[in-house]
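A short worksheet on the structure shown next.
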Amino acid sequence: MSENINIEKPFHPLFKWALIASMFGITLWMIYLVYIQPQQRIGAAQPIPFSHRLHVTDKQIDCKYCHSYTDRSQFPGMPAVQLCVSCHKYIIPQHPEIKKLHSYYDNKKPIPWKRVFFQPDFVFFNHKRHIKLGVECKTCHGSIEQMDRVTQTFPMKMGFCVTCHRQNNASVECYICHH
Ligand code: HEC
Ligand code: HEC
Ligand code: HEC
Ligand code: HEC
Ligand code: HEC
């Protein structure tokens, strides 16, 4: 008798429920990956909620208008408060965040932006040569123009730099990047 049952039901009856439970679990995991996790990848809050998406994609302001590398300041590559004010004297001057901007300007204080991209001290990096060669910002920084808050979407480890140097016959001597 019991042998017959075993033939008709080769699996333990709990197997069906275990299968249903694991399908349910996998579905939840997919929902997490697709809908919840990307939101966690937005960057840190900044002193003023500056949006690249708004300024670059909607308002068509060029990256180099704000990040000019020729004149290096205390915050290399970061726009001076004055540059923001040159527009925002006229554009939405009564917006609460723009009032904050004006108070930095009036007190002659730089905005303490939180850094997102940085290399350790023992690495030498210079934008100029790369940009002159026509390497796009995106290649190293990802799609900044779509971000409301800047974040690093992929790491820039040594292998990343060296791979491109090899492909382009640029130097891979240690001293080039490590003085
Ligand atoms: C070339 C002109 C220009 C420059 C330079 C500029 N902005 Fe703007 N900004 C705009 C425009 C246009 C808007 C959209 C205004 C509107 O909503 O009507 C805007 C909107 C904003 C807003 C409001 C966003 C919101 O949520 O409504 C903030 C905050 C802001 N800018 C900060 C800055 C900061 C900080 C800088 C300097 C790093 C800066 N802007 C430089 C043109 C500029
Ligand atoms: C209107 C001025 C403006 C424009 C245009 C602009 N940026 Fe920025 N950018 C800023 C400001 C202000 C910050 C600092 C606040 C922040 O991180 O959002 C910043 C931060 C960054 C950072 C992070 C720096 C760090 O390590 O903390 C990167 C990378 C960057 N911008 C790249 C770009 C690229 C690429 C473009 C063009 C697609 C661009 N920016 C256009 C003003 C600008
Ligand atoms: C070849 C890779 C590469 C390219 C291309 C590149 N960057 Fe960077 N960027 C870096 C690295 C690496 C850092 C961190 C530098 C450091 O810590 O010394 C950085 C830092 C920055 C910063 C932080 C402030 C600073 O100057 O240190 C800004 C802003 C920035 N990049 C904007 C841009 C913009 C705008 C472009 C395109 C015009 C661009 N980058 C193209 C690799 C790159
Ligand atoms: C997309 C390709 C690419 C990537 C990514 C890249 N480089 Fe370069 N880099 C080049 C090329 C090509 C040259 C040669 C430039 C020349 O010959 O003028 C170069 C030159 C250099 C130089 C010598 C230029 C000088 O100013 O003396 C240094 C230093 C350097 N890269 C560091 C780095 C570091 C550090 C990284 C990673 C954070 C990096 N590069 C990522 C393509 C790249
Ligand atoms: C094109 C630029 C470049 C060249 C060439 C290069 N490095 Fe690096 N190296 C880097 C960067 C960028 C980092 C930092 C990686 C990170 O943030 O962890 C690094 C990190 C390191 C570290 C720290 C450990 C680690 O992996 O983070 C060592 C050790 C090192 N490099 C040794 C060397 C030696 C030895 C050579 C020559 C054979 C060399 N590097 C050539 C860019 C370079």
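Atoms within each ligand, like the ligands themselves, are counted from 1 in listed order. Numbering starts at 1 and runs along the sequence shown.
Shown here for Asp148 and Ser51, the closest heavy-atom pair between the two residues is OD1-OG, 2.7 Å. When all heavy atoms are compared, the tightest approach of His130 to Asn126 is ND1-O, 2.9 Å. The minimum heavy-atom distance linking Ile98 with His88 is given by the pair CD1-ND1, 3.4 Å. When all heavy atoms of Lys114 and Gln46 are compared, the closest pair comes out as N-OE1, 2.8 Å. Looking at every heavy atom in both residues, Thr57 comes nearest to Glu145 through OG1-O, 2.6 Å. Annotation for Cys63 and Cys137: closest pair SG-SG, 4.2 Å, computed over non-hydrogen atoms.
Regarding atom 23 (C) of ligand 1, its nearest protein heavy-atom neighbour is Ile92 CD1, 3.7 Å. For atom 12 (C) of ligand 1, the closest non-hydrogen atom of the protein is Lys59 CD, 3.6 Å. Closest to atom 11 (C) of ligand 1, if we only count protein heavy atoms, is Ile91 CG2, 3.8 Å. Nearest to atom 36 (C) of ligand 1 among the protein's heavy atoms is Cys84 SG, 2.9 Å. At the top of the distance list for atom 28 (C) of ligand 1, counting protein heavy atoms only, stands Ile98 CD1, 3.7 Å. Given atom 25 (C) of ligand 1, the protein heavy atom at minimum distance is His95 NE2, 3.8 Å. What sits closest to atom 34 (C) of ligand 1 on the protein, heavy atoms only, is Phe50 CD1, 3.5 Å.
Applying the 4.0 Å criterion to heavy atoms of Glu136 picks out, from ligand 3, the atoms 5 (C). For ligand 3 and His130, the ligand atoms under 4.0 Å from any heavy atom of the residue are 1 (C). For ligand 2, the atoms sitting less than 4.0 Å from at least one non-hydrogen atom of Cys63 are 34 (C), 35 (C), 36 (C), 37 (C), 38 (C), 39 (C), 41 (C), numbered in the order shown with element in parentheses. Atoms of ligand 3 lying under 4.0 Å from any heavy atom of Ile131, numbered from 1 in the order shown and given with element: 38 (C). Here is the list of ligand 3 atoms found below 4.0 Å of a heavy atom in Cys140: 1 (C), 2 (C), 3 (C), 4 (C), 5 (C), 42 (C), 43 (C). For ligand 1 and Leu54, the ligand atoms under 4.0 Å from any heavy atom of the residue are 19 (C), 20 (C), 21 (C), 24 (C). Less than 4.0 angstrom separates some heavy atom of Leu83 from each of these atoms of ligand 1: 5 (C). Ligand 3 places these atoms under 4.0 Å from at least one heavy atom of Gln119: 12 (C), 16 (C), 17 (O). Those atoms of ligand 2 with a heavy atom of Cys137 less than 4.0 angstrom away are 35 (C).
Under the rule for a side-chain contact (heavy atoms from CB on, under 4.5 Å), the partners of Gln119 that lie at least two apart in sequence or sit in another chain are Val123, Met156.
With a 4.0 Å cut-off on non-hydrogen atoms, Val81 does not touch ligand 1 at all. Both the backbone and the side chain of Ile61 come within 4.0 Å of ligand 2, counting heavy atoms alone. Under 4.0 angstrom from ligand 2, the non-hydrogen atoms of Pro79 all belong to its side chain.
Taking only nitrogen or oxygen atoms, main chain and side chain alike, Val116 reaches within less than 3.5 Å of ligand 2. Where the criterion is an N or O separation shorter than 3.5 Å, residue side chain and backbone included, Glu145 fails it with respect to ligand 2.
Contact annotation: Met78 has at least one heavy atom less than 4.0 Å from an atom of ligand 2. Residue contacts with ligand 3 include Val135, since one or more of its heavy atoms lies under 4.0 Å from the ligand. Proximity of Lys114 to ligand 2 is established by a heavy-atom distance of less than 4.0 Å. Using a 4.0 angstrom heavy-atom cutoff, Asp62 counts as in contact with ligand 2.
For the residues Met156, Gln152, Arg115, His141, the heavy atom positioned nearest atom 39 (C) of ligand 3 is part of His141. Between atom 6 (C) of ligand 2 and the options Gln46, Gln60, His52, the minimum heavy-atom separation is to His52. With atom 42 (C) of ligand 3 as the reference point, the heavy atom nearest to it among Phe124, Phe160, Phe125 is part of Phe125. The heavy atom nearest to atom 14 (C) of ligand 2, considering only Trp113, Phe118, Tyr65, Phe117, is found in Trp113.
Ile131 and Ile176 fall into different hydrophobic clusters, where Ile, Leu, Val, Met, Phe, Trp and Tyr are joined by side-chain heavy atoms under 4.5 Å apart, directly or via other members. A continuous path of ILVMFWY side-chain contacts below 4.5 Å connects Ile48 to Val85, so both sit in one hydrophobic cluster. Following chains of ILVMFWY side-chain contacts shorter than 4.5 Å, one can reach Met147 starting from Phe117, so the two form part of one hydrophobic cluster.
Put simply, the side chain of Ser22 gets close to the backbone of Leu19: a donor and an acceptor are under 3.5 Å apart.
Nearest N/O/S atom of His55 with respect to atom 8 (Fe) of ligand 1 is recorded as NE2.
Between atom 8 (Fe) of ligand 3 and His67 there is no N/O/S contact shorter than 2.8 Å. For atom 8 (Fe) of ligand 3, the set of nearby N, O or S atoms under 2.8 Å includes one belonging to His127. For atom 8 (Fe) of ligand 1, the N/O/S atoms of Cys87 include none lying under 2.8 Å. For atom 8 (Fe) of ligand 1, the N/O/S atoms of His88 include one lying under 2.8 Å.
The local environment of CZ in Phe24 is sparse, with at most 12 non-hydrogen atoms from other residues, nucleotides or ligands closer than 6.0 Å.
The shortest distance between side-chain heavy atoms of Tyr105 and Leu101 does not fall below 4.5 Å. Side-chain contact between Glu97 and Lys100 is present, with at least one heavy-atom pair separated by less than 4.5 Å. Residues Tyr104 and Pro47 meet the side-chain proximity criterion, which asks for heavy atoms closer than 4.5 Å.
For the side chain to side chain contact (heavy atoms under 4.5 Å, CB included) with Ile144, the lone residue among Lys138, Arg53, His67, His52 that qualifies is His52.
In this pair, Phe50 and Trp113 present their aromatic rings perpendicular. The plane angle is above 60°, beyond the 30 to 60° band.
For the atom pair NZ (Lys128) and CG (Leu133), the distance works out to 13.5 Å, reported to the nearest 0.5 Å.
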